[in-house]
*Asks:* 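The structure under discussion is supplied below as structure tokens; questions concerning it will follow.
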Amino acid sequence: MVVIVLMVQYFELPYSEFVTSLAGKITSFSMDASMVNSKLEGNIGNTHPNGSTLAPLDQDTSSVTHNNGNGSIINNAPSSLEKPKEIDTVVFRDSSNLTSQGASSTSNRAPAPQIMVALSNQTSLINSETDSTSPMKSVVSNSTLARKGTTKDENSGSGNGNGKYVITKNPKGKPSKVVSISDMNLLLKQGHDSSQLVEIFNARSEIENAPIITNDSRLYQPLYRNVSMFKRSYELMEKMLKVYIYKDGERPIFHEPLLDGIYASEGWFMKLMEENKHFVTQDPESAHLFYIPFSSRLLQLTIYVRNSHNRSNLIQYMAKYVDMIAGKYPFWSRTNGADHFVVACHDWAPAETRGRILNCIRALCNADIEVGFKIGKDVSLPETYIRSPNNPAKNIGGNPPSQRPILAFFAGGLHGYVRPILLNHWEDKEPDMKISGPLPHVKGNANYIELMKSSKFCICARGHEVNSPRVVEAIFHECVPVIIADNFIPPLFEVLNWESFAVLVPEKDIPNLRSILLSISEERYLEMHKRVKKVQEHFVWHYEPVKYDLFHMLLHSIWYNRIFRISHT
């Protein structure tokens, strides 16, 4: 018996472990006929007993595509073996030739959505966006997938000559447990609801192929990058979007909105989102997006050590929160947070949302490319200075163009490096350029508002950070914004065509500021003034949200970026 066991192990027969355990017990046995007749590569061959189709890999990675028996193609990739991806990917695969089938796109903004290849019993597609916590990790941890044509060495196998895949042992031996394809399907189904991604792909296709709008009574076409796509996307958001809000987190950092001051945007969004009945769902399995309702301002006020010049404890606080929800719920791990979002207006928010949170959609007032803002994923949050929480839309409006004698206006503290340059060049230099430091304090900021209402152009120069509440204030008072802040992404950038109603001046051109503004013809200025008035509605907070207001526009940009962030490659 010992000789037989040693011979079996020497030749590494598939059932040597079985025989070895038998010898240890020294008992009689009988083999299952199905075990004797099966081949190891049958675990990942072309056909599964339930009729599902298994497609070979299109590249030498640990990824298997199969039909889960309920009409979904599963791409099981142990992403714990890869670096985290910035873009979620869903692979559309033909079981014979693995060619991606695409539809032509009518948009220049993003690649066209891929058309699902018709296979038997297939109706939908999902991707497995897993990380190190994925249950798939244990399935492949002790084996590797080898493919015909790959390089062979002493520890790895190769193809079996007909294009199929075989599992070859690594030096650590066989897996301690073999999980069937059916069980894999069940594990993936538990960790990721396919319907959400299918809905997103269908929505994306509808947006990219939206009917052309030539004359909408509500939406003024020049304000938008593509008014047809925006309108269809907004309609689909209203129709289908569901957001799950985490209830975890202690006050005041979580669930306690600040409704006044310079950072009020994050508070107003939190208040209106948590009160919302249309978009919010109590069923996380049906959610397309997950909201982490924290206040970057209250995080700073609560735990920052004054004068320490060290924000590491803020970063660690948020990292621990994410670790907690990732451990408590399955939702973070299935996309590595890509379908989660935060809304944060404090200048330090880019730092507070580093690490794992960086993969979220981040709506930030400090929308600075230089500090990690990612166009197409993150959203530029308008910084709205709310002086009266009871009336956030107070004092909106301004004088008509004929009653705006001032060419350009700026007043404010000399924060950062740009504003001193601005004042050095233009303070008290020209009578039509009202450029100065802080104005004398007057109740209600009346002088400041009156000067904005009486100016053609309002200078929105960066301070310590790129963002400034002057951008929204200028729009409120119908003064054409002049943004001087390199690398600043203007608010709601994915939807609005800022060049149609604002002037963007590079910091190096501050000495030429007046000549740049004077070069704008009267006709052009009048049209820009008209557009500023029309874009106002997108920047207003209301106690009860209304169509196309700032609450809806911000939520739409988050939804829009999520849709177009998922790749069809």
*Asks:* If you count every heavy atom of other residues, nucleotides or ligands that lies below 6.0 Å from Glu527 atom CD, does the total exceed 12?
*Replies:*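 For Glu527, atom CD is crowded (more than 12 foreign heavy atoms under 6.0 Å).
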*Asks:* Is the NZ atom of Lys247 crowded by more than 12 outside heavy atoms at less than 6.0 Å?
*Replies:*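 Count over threshold, so yes.
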*Asks:* Could you tell me which residues satisfy side-chain contact (heavy atoms from CB on, under 4.5 Å) with His542, sequence neighbours excluded, listed by chain and number?
*Replies:*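 Checked His542 against side-chain contact (heavy atoms from CB on, under 4.5 Å); matches are Val540, Val546, Asp549.
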*Asks:* Quick check: do Met273 and Phe279 have side-chain heavy atoms less than 4.5 Å from each other?
*Replies:*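 Side chain of Met273 against side chain of Phe279, heavy atoms only: contact under 4.5 Å found.
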*Asks:* CG/Leu299 to OH/Tyr304 distance, rounded to the nearest 0.5 angstrom?
*Replies:*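 So the CG of Leu299 and the OH of Tyr304 are separated by 12.5 Å.
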*Asks:* Would you say the side-chain atoms of Arg419 pair up with the backbone N or O of Gly413, donor to acceptor, closer than 3.5 Å?
*Replies:*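 At least one qualifying donor-acceptor pair exists.
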*Asks:* If you round to the nearest 0.5 Å, how far is CG of Asn561 from NZ of Lys377?
*Replies:*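 Here the rounded value is 9.0 Å.
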*Asks:* Determine, using ring centers only, whether Tyr329 and Phe290 are less than 6.0 Å apart.
*Replies:*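 Between Phe290 and Tyr329, the centre distance exceeds or equals 6.0 Å.
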*Asks:* In terms of ring plane angle, is the pair Tyr234 and Tyr548 parallel, tilted or perpendicular, where the classes change at 30° and 60°?
*Replies:*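 Tilted, since the angle between the ring planes falls between 30° and 60°.
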*Asks:* Filter on side-chain hydrogen bond (donor to acceptor under 3.5 Å, both in side chains), then keep only pairs touching residues 312-321, sequence neighbours left out; what's left?
*Replies:*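 For residues 312-321, and leaving out neighbouring residues, the side-chain hydrogen bond (donor to acceptor under 3.5 Å, both in side chains) pairs sorted by first residue read Asn310-Ser312.
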*Asks:* For Cys460, give me all partners under disulfide bond (SG atoms under 2.5 Å apart), at least two apart in sequence or on another chain.
*Replies:*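 Not a single residue meets the disulfide bond (SG atoms under 2.5 Å apart) criterion with Cys460.
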*Asks:* How far apart are the C-alpha atoms of Ser233 and His556, what are their side-chain angles, what is the distance that settles it, and do they pass the side-chain contact (heavy atoms from CB on, under 4.5 Å) test?
*Replies:* CA-CA 8 Å; Ser233 178; His556 171 267; 2.8 Å; yes
*Asks:* Quick one: NZ on Lys374 to CD1 on Ile489, what's the gap to the nearest 0.5 Å?
*Replies:*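 Going from the NZ atom of Lys374 to the CD1 atom of Ile489 covers 12.0 Å.
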*Asks:* Show, in sequence, the C-alpha distance, side-chain angles and deciding distance for Phe488 and Asp368, and conclude whether the side-chain contact (heavy atoms from CB on, under 4.5 Å) test is met.
*Replies:* CA-CA 5 Å; Phe488 174 54; Asp368 185 356; over 6 Å; no
*Asks:* Can you tell if the side chain of Phe476 reaches within under 4.5 Å of the side chain of Val472, non-hydrogen atoms only?
*Replies:*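 With C-beta onward as the side chain, the pair touches.
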*Asks:* Search all heavy atoms of Phe410 against all heavy atoms of Ala461 and return the closest pair with its distance.
*Replies:*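 Looks like CE1-CB, 4.3 Å.
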*Asks:* Under 3.5 Å, is there a donor-acceptor pair between the side chain of Arg297 and the main chain of Leu258?
*Replies:*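 No; zero donor-acceptor contacts below 3.5 Å.
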*Asks:* Which value, rounded to the nearest 0.5 Å, describes the distance between Leu550 atom CG and Leu555 atom CG?
*Replies:*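 That separation rounds to 11.0 Å.
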*Asks:* Checking Arg225 side chain against Phe493 main chain: does a donor-acceptor pair fall under 3.5 Å?
*Replies:*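 Here the side-chain-to-backbone pair exists.
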*Asks:* Counting N and O atoms only, with roles assigned by atom type, does the side chain of His255 sit under 3.5 Å from a partner on the main chain of Pro293, one being a donor and the other an acceptor?
*Replies:*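 Side chain of His255 to backbone of Pro293, a donor-acceptor pair under 3.5 Å: no, none is there.
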*Asks:* I'd like to know if Arg218 pairs up with Glu537 as an ion pair, taking the criterion as any Lys NZ or Arg NE/NH1/NH2 lying under 4.0 Å from an Asp or Glu carboxylate oxygen.
*Replies:*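 The answer is yes: the pair qualifies as a salt bridge.
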*Asks:* For the CD1 atom of Ile245 and the CG atom of Leu289, what is their distance to the nearest 0.5 Å?
*Replies:*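 Nearest 0.5 Å value for the CD1-CG distance: 11.0 Å.
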*Asks:* Any idea how Tyr244 and Phe331 line up, ring-wise: parallel (<30°), tilted (30 to 60°), or perpendicular (>60°)?
*Replies:*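 It falls in the tilted class, 30° to 60°.
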*Asks:* Is a donor on one side and an acceptor on the other found under 3.5 Å between the side chain of Asp378 and the backbone of Arg362?
*Replies:*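 Yes; at least one donor-acceptor contact below 3.5 Å.
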*Asks:* Return yes if some donor-acceptor pair links the side-chain N/O of Ser228 with the main-chain N/O of Ile213 below 3.5 Å, else return no.
*Replies:*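 The answer is yes, because a donor-acceptor pair under 3.5 Å joins these two groups.
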*Asks:* Charged N to carboxylate O below 4.0 Å: is that the case for Arg387 and Glu473?
*Replies:*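 Yes, charged N to carboxylate O under 4.0 Å.
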*Asks:* Once side-chain contact (heavy atoms from CB on, under 4.5 Å) is applied, do any residues pair with His529, and if so which ones, sequence neighbours excluded?
*Replies:*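 Expected list: Pro401, Arg404, Glu478, Tyr525, Lys533.
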*Asks:* Does any non-hydrogen side-chain atom of Val371 lie less than 4.5 Å from one of Phe373?
*Replies:*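 Answer no - side chains too far apart.
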*Asks:* Should Glu450 and Asn399 count as side-chain neighbours, where that means a heavy-atom distance under 4.5 Å?
*Replies:*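 Answer yes - side chains close enough.
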*Asks:* Could you pull out the closest heavy-atom pair between Ser265 and Trp541, with the gap in Å?
*Replies:*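 Closest approach of Ser265 to Trp541: O-CZ2, 3.5 Å.
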*Asks:* Do any N or O atoms from the side chain of Asn487 and from the backbone of Glu370 form a donor-acceptor pair under 3.5 angstrom?
*Replies:*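 Pair absent, no side-chain N/O of Asn487 close to backbone of Glu370.
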*Asks:* side-chain contact (heavy atoms from CB on, under 4.5 Å) with Ala264: which residues, sequence neighbours excluded?
*Replies:*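 With sequence neighbours excluded, Ala264 shows a side-chain contact (heavy atoms from CB on, under 4.5 Å) to Trp268, Ile386, given in chain and number order.
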*Asks:* Give the C-alpha distance, both sets of side-chain angles, the deciding distance and a yes or no for side-chain contact (heavy atoms from CB on, under 4.5 Å) between Glu383 and Ile262.
*Replies:* CA-CA 7 Å; Glu383 185 172 6; Ile262 199 171; 3.1 Å; yes
*Asks:* Are Glu235 and Arg232 ion-paired here, with the side-chain N under 4.0 Å from a carboxylate O?
*Replies:*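 Looking at Glu235 and Arg232, the cut-off is met.
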*Asks:* Where is the tightest heavy-atom contact between Val480 and Ala502, given as atom of each residue plus distance?
*Replies:*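 Scanning both residues, the minimum pair turns out to be CG1-CA, 4.2 Å.
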*Asks:* Quick check: closest heavy atoms across Tyr448 and Ala411, and the distance to 0.1 Å?
*Replies:*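 That would be CE1-O, 3.6 Å.
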*Asks:* How far apart are the closest heavy atoms of Ser557 and Glu494, and which atoms are they?
*Replies:*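 Scanning both residues, the minimum pair turns out to be OG-OE2, 2.8 Å.
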*Asks:* On a heavy-atom basis, which atom in Val503 and which in Ile520 lie closest, and how many Å separate them?
*Replies:*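 Between these two residues, the closest heavy atoms are CG2-CD1, 3.7 Å.
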*Asks:* Mind checking whether Phe501 and Trp498 have parallel, tilted or perpendicular rings, split at 30° and 60°?
*Replies:*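 It falls in the tilted class, 30° to 60°.
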*Asks:* Is the closest side-chain heavy-atom distance between Pro382 and Val471 below 4.5 Å?
*Replies:*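 In short, these two side chains do not touch, never coming nearer than 4.5 Å.
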*Asks:* Quick check: do Phe254 and Leu298 have side-chain heavy atoms less than 4.5 Å from each other?
*Replies:*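 Phe254 vs Leu298: side chains apart.
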*Asks:* Is the Trp348 ring parallel, tilted or perpendicular to the His346 ring (thresholds 30°, 60°)?
*Replies:*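 Trp348 and His346: perpendicular rings.
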*Asks:* Can you find a heavy atom in the side chain of Met240 that is under 4.5 Å from one in the side chain of Trp559?
*Replies:*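 Counting from C-beta outward, Met240 and Trp559 do come under 4.5 Å.
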*Asks:* Hey, can you tell me if Tyr291 and Phe269 have their rings parallel, tilted or perpendicular (30° and 60° cut-offs)?
*Replies:*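 Taking Phe269 first and then Tyr291, their aromatic rings stand perpendicular (interplane angle over 60°).
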*Asks:* Side-chain contact test, heavy atoms from C-beta onward, threshold under 4.5 Å: evaluate it for Ser296 versus Leu314 and give yes or no.
*Replies:*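 No; the side chains remain at least 4.5 Å from each other.
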*Asks:* State the CG-SG distance between Asp339 and Cys360, to the nearest 0.5 angstrom.
*Replies:*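 The distance works out to 8.5 Å.
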*Asks:* Which pairs pass salt bridge (Lys or Arg N to Asp or Glu O under 4.0 Å) with one or both residues in residues 263-272, sequence neighbours excluded?
*Replies:*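 Sorted result for residues 263-272: Lys271-Glu275.
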*Asks:* Look only at the side chain of Arg251 and the backbone of Ile253, and say whether a donor-acceptor pair between them is shorter than 3.5 Å.
*Replies:*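 Judged by distance alone, no pair lies under 3.5 Å.
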*Asks:* Any chance you could lay out the side-chain contact (heavy atoms from CB on, under 4.5 Å) test for Asn276 and Leu272, step after step, and finish with the verdict?
*Replies:* CA-CA 6 Å; Asn276 190 270; Leu272 298 176; over 6 Å; no
*Asks:* Identify whether the distance between the nearest side-chain nitrogen and carboxylate oxygen of Lys242 and Asp283 falls below 4.0 Å.
*Replies:*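 Answer for the salt bridge query: no.
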